[in-house]
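Reminder, nothing fancy here: chain letters follow the sequence lines and each chain counts from 1.
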Amino acid sequence: MAAKQAVDPQQKSKTAKNITVTLPDGAERTYATPITGGDVAADISKSLLKKAFACKVDGALSDLSRPLEQDCRLSIVTSQDKAEALELIRHDCAHIMARAVQEIWPDTKVTIGPVIEHGFFYDFDRQEPFSTDDLETIEAKMREIIAKKDPVRTELWSRKDAIAFYKKADEPFKVELVDAIPEGEDLRMYWHGEWQDLCRGPHLAHTGQVPPDAFKLMSVAGSYWRGDSNNKMLQRIYGVAFRSKDDLKAHLHMLEEAAKRDHRRLGREMELFHIQEEAPGMVFWHPNGWSLYRALEDYMRRRLTAAGYKEIKTPQLVDRKLWEASGHWDKYRENMFIAEVDEEHAREKRVNALKPMNCPCHVQIYNQGLKSYRDLPLRLAEFGSCHRYESSGSMHGLMRVRGFTQDDAHIFCTEDQIEAETAKFIGLLSSVYKDMGFDSFDIKLSTRPEQRVGSDEIWDKAETALENAVRKVTNDYEIDPGEGAFYGPKLDFKLTDAIGREWQCGTFQADFNLPERLGAEYVGEDGAKHRPVMMHRAILGSFERFLGILIENTAGRFPLWLAPRQVVVTTIVSDADDYAEEVAAALTAAGMRAETDKRNEKINYKVREHSEGKVPVILAVGRQEVEARTVAMRRLGAQGQKVIDLDEAITALSEEATPPDLQPNT
RNA sequence: GCUGCUGUAGCUCAGAGGUAGAGCACUCCCUUGGUAAGGGAGAGGUCGAGAGUUCGAUUCUCUCCAGCAGCACCA
């Protein structure tokens, strides 16, 4: 390898001088340069050097082999430093994997390979696709490289030399990467064995520090070069890596547990919904799922009504003229389902579109009749069914579908009312999320993009209003500059589920565009006509997605008020059949969703089946219960059961099954 | 949409160039059993769709459809 033209100014420093190194315990040691972090580690103790992964110089992670240039605080990083060690192991894993791939298939071109949550990936360019079997071959080669304990070496290179080198090595993607680095900036090269890569580093001291039994290559997938779909598609290999075999095992176990709460799996097992080939991205809700859906919808309807919203319903199919007027035909047409009405039905052919959004229809209702400032804010809510042609690869169970229903509403208000409406909305949203079992959520404020409509003045006003309203609740929010829609700034609300994944659900968006395009007006105090601001907003986002999240977050163990089947009354002997019916009827009369199970099966069998079906309450009845007019109540997840009086059970259960917004104490 | 993989009974999956199998679920029979699988018997499949190769295709090839993992997209 032509690695001789090192230009590292640190390496070039000829004049030896003394520097003072302060260790974490406060001890100060003086060394003559040239000296490296590794040298200091060796000076402290041989065993420390052996364990040393890297070092921290004035708090910044660095290679042990890099020279220390001046007085500094130095700490040695070992596998005990969990976060740093993981980062290093994963990063080196990526490099070792790339080296393994190039050793097995030398014609493979390398690109980038960063650390990600739980592991790493590396993107390659190669004619042949990698197969699942290849992953094992690569893993075996990686273990060979690890066993070699090749020392990791680093040098600073000039941009020019790096380009020349990569051109010669026929690594076009690396040439492009280096090309993108600003002129005059030096860059860092790393080696282990003969293999070399452009990298910011830092890295481990040698390849043997990667635990050979704590990583696993997980999958192969496509990914666009530089994340741009106009570019070539590369092959990405994903891997996970940890500090120990046990950590890896724990992670694989966690993945299994996560798979068990996958809403697609639970949806089938609990008979909530299905999706089939003839209607991709459209949900068939089964009785259980629809019961859940309705419980949520009823709840939302009560909350919205209480918050001053008026519910409306608008058409599914609307003539293209409206979509042209709203701008959707121009900007959103490729996502719209079009339905044509042919001459058989109309003298003139008409082109309709299934609505992808409710907003234009809501403006139509607003526009009926003259509005006064006294009518504002006007909050129009709709459980609006929308259809969007989502690309085939983006669909995912309930989370991303083509037909869905939003808990949509539009607030028509004056500019001065934005802040108060925002604050009200955030209050409602956090209360709803809390009722659903989500105690915390993330807020993101997206501000004006380059391309936008509306004056700077109104953007200033709206951005300030949104931010002020957020601040009333929390100082913990993120700002995403330039990420607002062209028509106005927005707030996004993200929920974190039980296993740490984030989902965007709620949204609150100011719109300065649509009222203008569709001619919405109101008469102000001054008697003149004014343009209202329109706020698009949703709390759940879509019922489909929100229910998907709720299913995963609860692992199907819904709180009683949401559970599709709240109680199953199951018999122990057939002599109790009549009593079981009586119990179920009493529960139903008390407003609960109860069923009986009088099948000729043993109680063990029935308990197992209903527990797996995630029924929150099983009431078992046998001869004793008939006799005493009691029930043996078993709660999902609890061991054993409690025999209680029937009337008592009905009262307690129906209280518990009361939706949170109807609970007397709230 | 792109890359790769997958599609066999309701579910989970096995299988082979000569039209298919297991476990669970389902139906029936025996069993009336006290809190996470009692026993026996039976029924159930155009092997995702179409075309091609072949004497013969569910198996091999191609196209399409759908799903999965990612990427891109996500008003």
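Across all strands shown, B/rU35 forms no Watson-Crick or G-U wobble pair with both distances under 3.5 Å. Of all nucleotides present, only B/rA69 satisfies the Watson-Crick or G-U wobble test against B/rU3, with each distance under 3.5 Å. The nucleotide B/rA9 finds no pairing partner, because no Watson-Crick or G-U wobble arrangement with both distances shorter than 3.5 Å includes it. Across all strands shown, B/rC55 forms a Watson-Crick or G-U wobble pair with B/rG18, both key distances being under 3.5 Å. Of all nucleotides present, only B/rU27 satisfies the Watson-Crick or G-U wobble test against B/rA41, with each distance under 3.5 Å.
Residue contacts shown for A/Ala620 include a base, since a base heavy atom lies under 4.0 Å away. Residue A/Gln504 is classed as having no contact, given no heavy-atom separation below 4.0 Å to the nucleic acid. At a threshold of 4.0 angstrom between heavy atoms, the contacts of A/Gln641 include nucleobase atoms, whether or not backbone atoms are also involved. Using a 4.0 Å heavy-atom criterion, one finds that A/Gln624 contacts the bases of the nucleic acid, with or without backbone contacts as well.
The same atom, C1', is picked in B/rA14 and in B/rG56; the two are 24 Å apart, to the nearest Å. Rounded to whole Å, the separation between the C1' atoms of B/rC62 and B/rC71 comes to 26 Å. Comparing B/rU54 with B/rG42, their C1' atoms sit 39 Å apart, to the nearest whole Å. Spacing between B/rA25 and B/rG44 at atom C1', rounded to whole Å, works out to 12 Å. If you take atom P in B/rA43 and the same atom in B/rG23, they sit 14 Å apart, rounded to whole Å. Remark: the separation of the P atoms in B/rA72 and B/rG21 is 47 Å, to the nearest Å. On the C1' atoms, B/rA16 is 12 Å away from B/rU8, given to the nearest whole Å. Taking the C1' atoms as reference points, B/rU12 lies 16 Å from B/rG45, given to the whole Å.
A salt bridge (charged side-chain N to carboxylate O under 4.0 Å, His left out) check over residues 478-493 of chain A, counting only residues at least two apart or in different chains, returns the pairs A/Lys444-A/Asp480, A/Lys490-A/Asp492.
Nearest to the side chain of A/Tyr605, among B/rU12, B/rC26, B/rU32, sits B/rC26. Which of B/rG34, B/rG38, B/rA36 sits closest to the side chain of A/Ile572 comes down to B/rG34.
Residue A/Arg635 contributes atom CZ, which lies 17 Å from atom P of B/rA36 at whole-angstrom precision. Following rounding to the nearest Å, A/His610 (NE2) and B/rA25 (P) show an atom-to-atom distance of 13 Å. Distance A/Phe404 CZ to B/rC74 P: 14 Å, rounded to the nearest Å. Taking atom CD of residue A/Glu601 and atom C1' of nucleotide B/rG40, one finds them 13 Å apart after rounding to whole Å. Computed from coordinates, the A/Glu609 CD to B/rC26 P distance equals 6 Å when rounded to whole Å. With rounding to whole Å, A/Asp575 atom CG is found 11 Å from B/rU32 atom P. Regarding A/Arg608, its CZ atom lies at a distance of 6 Å from the P atom of B/rA37, rounded to whole Å. Taking atom NZ on A/Lys444 and atom P on B/rC74, their separation rounds to 12 Å, with Å as the unit.
Every ring pair (Phe, Tyr, Trp, His ring centres under 6.0 Å) that A/His286 has, sequence neighbours left out, goes to A/His274. For A/Asp319, the side chain to side chain donor-acceptor pair (under 3.5 Å) partners two or more places apart in sequence, or in a different chain, are A/Arg350. Applying the side chain to side chain donor-acceptor pair (under 3.5 Å) test to A/Asp123 and every residue at least two apart in sequence or in another chain returns A/Ser223, A/Arg236. Residues satisfying the side chain to side chain donor-acceptor pair (under 3.5 Å) criterion with A/Lys321, sequence neighbours excluded, are absent altogether. Qualifying ring pair (Phe, Tyr, Trp, His ring centres under 6.0 Å) partners for A/His95, counting only residues two or more places apart in sequence or in other chains: A/His91, A/Trp195, A/His203. With sequence neighbours left out, the ring pair (Phe, Tyr, Trp, His ring centres under 6.0 Å) criterion links A/Tyr238 to A/Phe121.
Salt bridge annotation for A/Lys232-A/Asp228: absent, with no cationic side-chain nitrogen under 4.0 angstrom from a carboxylate oxygen. Salt bridge absent: A/Lys260 and A/Glu256 never bring a charged side-chain N and a carboxylate O closer than 4.0 Å.
Of the residues in residues 315-333 of chain A, A/His328, A/Lys331 come within less than 4.0 Å of RNA chain B through at least one heavy atom, sorted by number.
For the pair A/Ile603 and A/Glu334, both in contact range of RNA chain B, the more 5′-proximal nearest nucleotide belongs to A/Ile603.
Cation-pi check for A/Arg545 over A/Phe543 is not met; the charged atom does not lie both under 6.0 angstrom from the ring centroid and within 45 degrees of its normal. Cation-pi geometry between A/Arg379 and A/Phe412 is not satisfied (NZ or CZ under 6.0 Å from the ring centre, within 45° of the ring normal).
In terms of phosphate contacts, A/Asn604 brings no side-chain nitrogen or oxygen within less than 4.0 Å of OP1 or OP2 of B/rU35. For B/rC11, the OP1/OP2 oxygens have no side-chain nitrogen or oxygen of A/Arg265 closer than 4.0 Å.
At a cut-off of 3.5 angstrom, the base of B/rG34 holds at least one donor-acceptor pair with the side chain of A/Glu625.
Side chains of A/Asn358 and A/Gln406: a donor on one and an acceptor on the other come within 3.5 Å.
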Give the B/S/- string for nucleotides 60-72 of chain B, one per nucleotide from 5' to 3', where a protein heavy atom under 4.0 Å of the base yields B, of only the sugar-phosphate yields S, and otherwise -. -----SSSSSBBB
